[in-house]
Amino acid sequence: MHTLYFDLRDTKGQQKEIEDKIAAAAKILREGGLVAIPTETVYGLGANGLDGEAVQRIFEAKGRPNDNPLILHVTGQQWLPRYCRDVPPIAYVLARKFWPGPLTMILKRKPVVPDETTAGLDTVAMRCPNHPVTLAIIREAGVPIAAPSANTSGRPSCTSAQDVLEDMDGKIQGVVDGGPCTVGVESTILDLTCEPPRLLRPGGLPLEDLERLIGHIDVDKAVTGALKEGEKPKAPGMKYRHYAPKAPVTVITGAPEKSAREIQKRITATSGVICFDEFAHLFREQEVHTLGPSGDKLTQAQRVFDALRTFDNSAVTEIFAQCPDNRGLGLAVGNRLKKAAGFHVIEADSERVVLGLTGGTGAGKTSALRAIESLGGTVIDCDQVYHRMLTEDEDLRRDIHNAFPSAFTRDGVLDRQKLGQEVFSDKERLAQLNEIVYCHIIPELRRMLEEGTGDLFAIDAINLLEAGVDQLCDRTVAITAPAELRVRRIMVRDGITEQYARLRISAQKPDEYYRGKCDLELNNAADSPETFESEAREFFQRLIETVKEEKQHGTV
Ligand code: AMP
Ligand code: MG
C-alpha cells in the first residue's frame with residue numbers, strides 16, 4: 001500500500017491547498033481508511049470511530065492486542081452526549097477548562113460506539129485534541145476519530161511524522177504531518193465512572209491541575225508500580241510493557257545529583273544513559289540521550305519518547321535513566337520511563353525510609369510512633385500539619401472559604417468551631433472539606449519530606465489512605481488491637497465510661513478496614529505500653545532493613 005503524505009506543518013500558507021489536504025484526509029477516514037494525525041500529545045493512528053471494520057484495521061496495522069480500547073477524538077464537549085450516556089456534570093466542568101487539551105475522560109458509552117473501539121467495555125474514552133489540523137479533519141469528516149498512538153504496539157509513541165513513517169509506512173493510507181508534538185507524552189486518562197474520579201494514566205495534563213479543579217483523585221495502582229500476575233488495570237493499555245527499547249532499562253529515582261552518582265557506579269563502556277543535560281558530561285564514554293535540564297519537565301516530556309526510540313536502534317547492552325520527581329509532568333515522564341524499565345527502579349535516596357501509620361483510637365499508634373522516634377525517626381503528625389496550614393496556607397484558606405463561607409467571620413477569620421459544626425453533622429460536607437484538605441496537604445507533606453533531614457520518617461494520619469498519603473510512603477502500617485483491649489485502654493487514658501468508650505470506637509472505621517488497606521499490620525495485644533513500644537521497635541527495625549535492601553537492589 002502506498003502511504004500518502006500530507007504536509008500540513010504550515011497552516012498559514014495557501015488556504016485552498018490546506019483545505020484540499022484536510023478534505024482528502026477526512027475523506028479517507030470517512031471511507032474507512034487509516035490516517036495518522038498530529039495532536040499536541042503524540043501522533044494518533046485514526047479511523048472512523050463508528051465504523052467497527054475500520055477500527056479493526058488500526059489493531060492490525062499496529063499489532064495491538066484486541067483487548068486494548070482506543071480513544072475517541074472529538075472537536076468539543078457538544079459531542080459527548082452523542083456517544084456517552086449519563087454524562088456527569090463534572091465532565092463538562094473539566095471539558096470547559098481543559099479541552100481542547102491532553103485530557104481523556106472515561107464515560108459510559110452509548111450503543112452507537114462499536115465494540116471494536118471500546119474493546120467490548122461499556123465505557124468509552126473521550127478526548128478533544130488541541131491541534132488545529134486534526135480538529136479541522138474531524139470537523140470535516142463529521143465523525144469521531146478513534147485513535148491510539150501511531151506507533152507499532154510495544155514501541156515508544158511517535159512525536160513526529162517521521163517517527164510515524166518509520167513504523168507505519170506502507171501499512172496505512174495516509175500520514176498528516178502537523179509538526180513535532182508540543183506536549184510529547186500521551187493524554188492524562190481520568191475515569192469519571194467512579195467516585196472519586198480515578199487517574200488511570202498520567203499524561204500531558206498534571207494531576208495537580210485536575211485536583212485543583214475537582215478535588216481529590218484516586219491514583220490507579222498501575223500508574224506507580226508493576227501489576228502482580230493476574231491483576232487487571234482499569235485502563236487495559238497499562239498492563240502492556242510499553243515503550244520498550246531492546247536493551248533492559250533501569251530507572252534511577254531521587255535527587256538528580258544522587259541518581260547521576262548511582263548511574264556512574266553502575267555503567268560500563270557498553271551502557272546507554274538517559275540523563276538530564278547537567279550530567280551528560282559525566283558519561284563521555286557512553287551513548288547518551290539527554291532529557292533536557294533537570295528543572296524543565298516540559299522539555300523532558302517532549303524528549304522522553306525520542307530518547308527511548310533512539311535507543312531502539314542502538315547496540316547498547318543496558319540503559320540507565322535518570323528520572324524526575326512525581327510533581328507536575330514528572331509523574332507522566334517518570335511513568336513512561338518506568339514502564340520502559342518494566343518498573344525496574346532503583347532509588348538513589350535509598351537510605352531514606354518513609355512509613356505511614358494509621359489505625360483507630362486505643363490501638364497504640366502513639367506508642368508505635370514513640371518507637372520510631374526512639375530509632376531516630378521524625379514523626380509528621382498530619383493533624384498538626386493541617387492546623388498549621390489553616391493559619392499559614394492562603395490557598396487552603398481560600399478554597400475552604402469558597403466552600404464554607406459561613407465558617408468565616410466578616411473580616412475573614414476562620415471560626416474553627418463553626419466549621420466543625422458544619423461538617424460533623426453532614427457527611428457530604430465533611431467529604432467536601434476532606435477533599436479540599438487532602439489536595440493541599442499532600443504537596444505540603446512532600447515538601448516537608450524533601451526539606452527534612454534524616455533517613456527515617458513516619459507520617460501519622462487517621463485518614464492516611466483516603467487522603468492518598470500512602471503515595472508518599474514506602475510502606476503503610478495498620479496499628480490494630482483486640483477490641484476489648486481498646487475499650488479498656490481508652491477508658492483509662494481518657495477517664496471515660498465503658499459505654500462512651502464503645503461508642504467512640506464504633507464511630508471509627510473497624511480494624512479490618514485498616515488491615516485490608518495497609519501493606520502491613522502491627523497488632524498490639526501487649527499488656528503495657530512499654531512492652532508494645534519495644535515490640536514495635538523490633539518490628540520497625542526489621543521493616544526498615546527490608547525497605548532499604550529493596551531500594552538498593554531495585555524493585556520490580
Ligand atoms: P494509547 O493512547 O495508544 O495508549 O491508547 C489509549 C489508551 O486509553 C489505552 O491505554 C487504553 O487502555 C485507554 N482506554 C481507552 N478506552 C478506555 C476505557 N473505556 N476505559 C479505560 N481505559 C481506556
Ligand atoms: Mg499507545
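Predicted model, so just to flag it, every value in this text is computed and none were measured. As the structure lists them, so they are numbered: ligands from 1, and atoms in each ligand from 1.
Taking every heavy atom of Asn68 and a limit of under 4.0 angstrom, the matching atoms of ligand 1 come to 9 (C), 11 (C), 12 (O). Atoms of ligand 1 found under 4.0 Å from any heavy atom of Pro148 (numbered from 1 in listed order, with element): 3 (O). Each of the atoms 6 (C), 8 (O) of ligand 1 lies under 4.0 Å from some heavy atom of Ile71. Every atom of ligand 1 with a heavy atom of Ile189 under 4.0 Å away is listed here by number and element: 7 (C), 8 (O), 13 (C).
At a threshold of 4.5 Å between non-hydrogen side-chain atoms, the residues Leu80 and Leu107 count as touching.
Residues passing the side chain to side chain donor-acceptor pair (under 3.5 Å) test with Thr193 are Asp191, sequence neighbours excluded.
The shortest N/O to N/O separation between Pro236 and ligand 1 falls below 3.5 Å.
Taking backbone and side chain together, Ser149 holds an N, O or S atom under 2.8 Å from the Mg ion (ligand 2).
Pairs passing the salt bridge (Lys or Arg N to Asp or Glu O under 4.0 Å) check and including a residue from residues 88-104, sequence neighbours excluded, do not occur.
Looking at Arg127 and Glu40, a side-chain N of the basic residue comes within less than 4.0 Å of a carboxylate O on the acidic one, giving a salt bridge.
The environment of Lys110 atom NZ is dense: over 12 non-hydrogen atoms of other residues, nucleotides or ligands sit within 6.0 angstrom.
Within the structure, the closest approach of Arg109 to ligand 1 does not fall below 4.0 Å when heavy atoms are considered.
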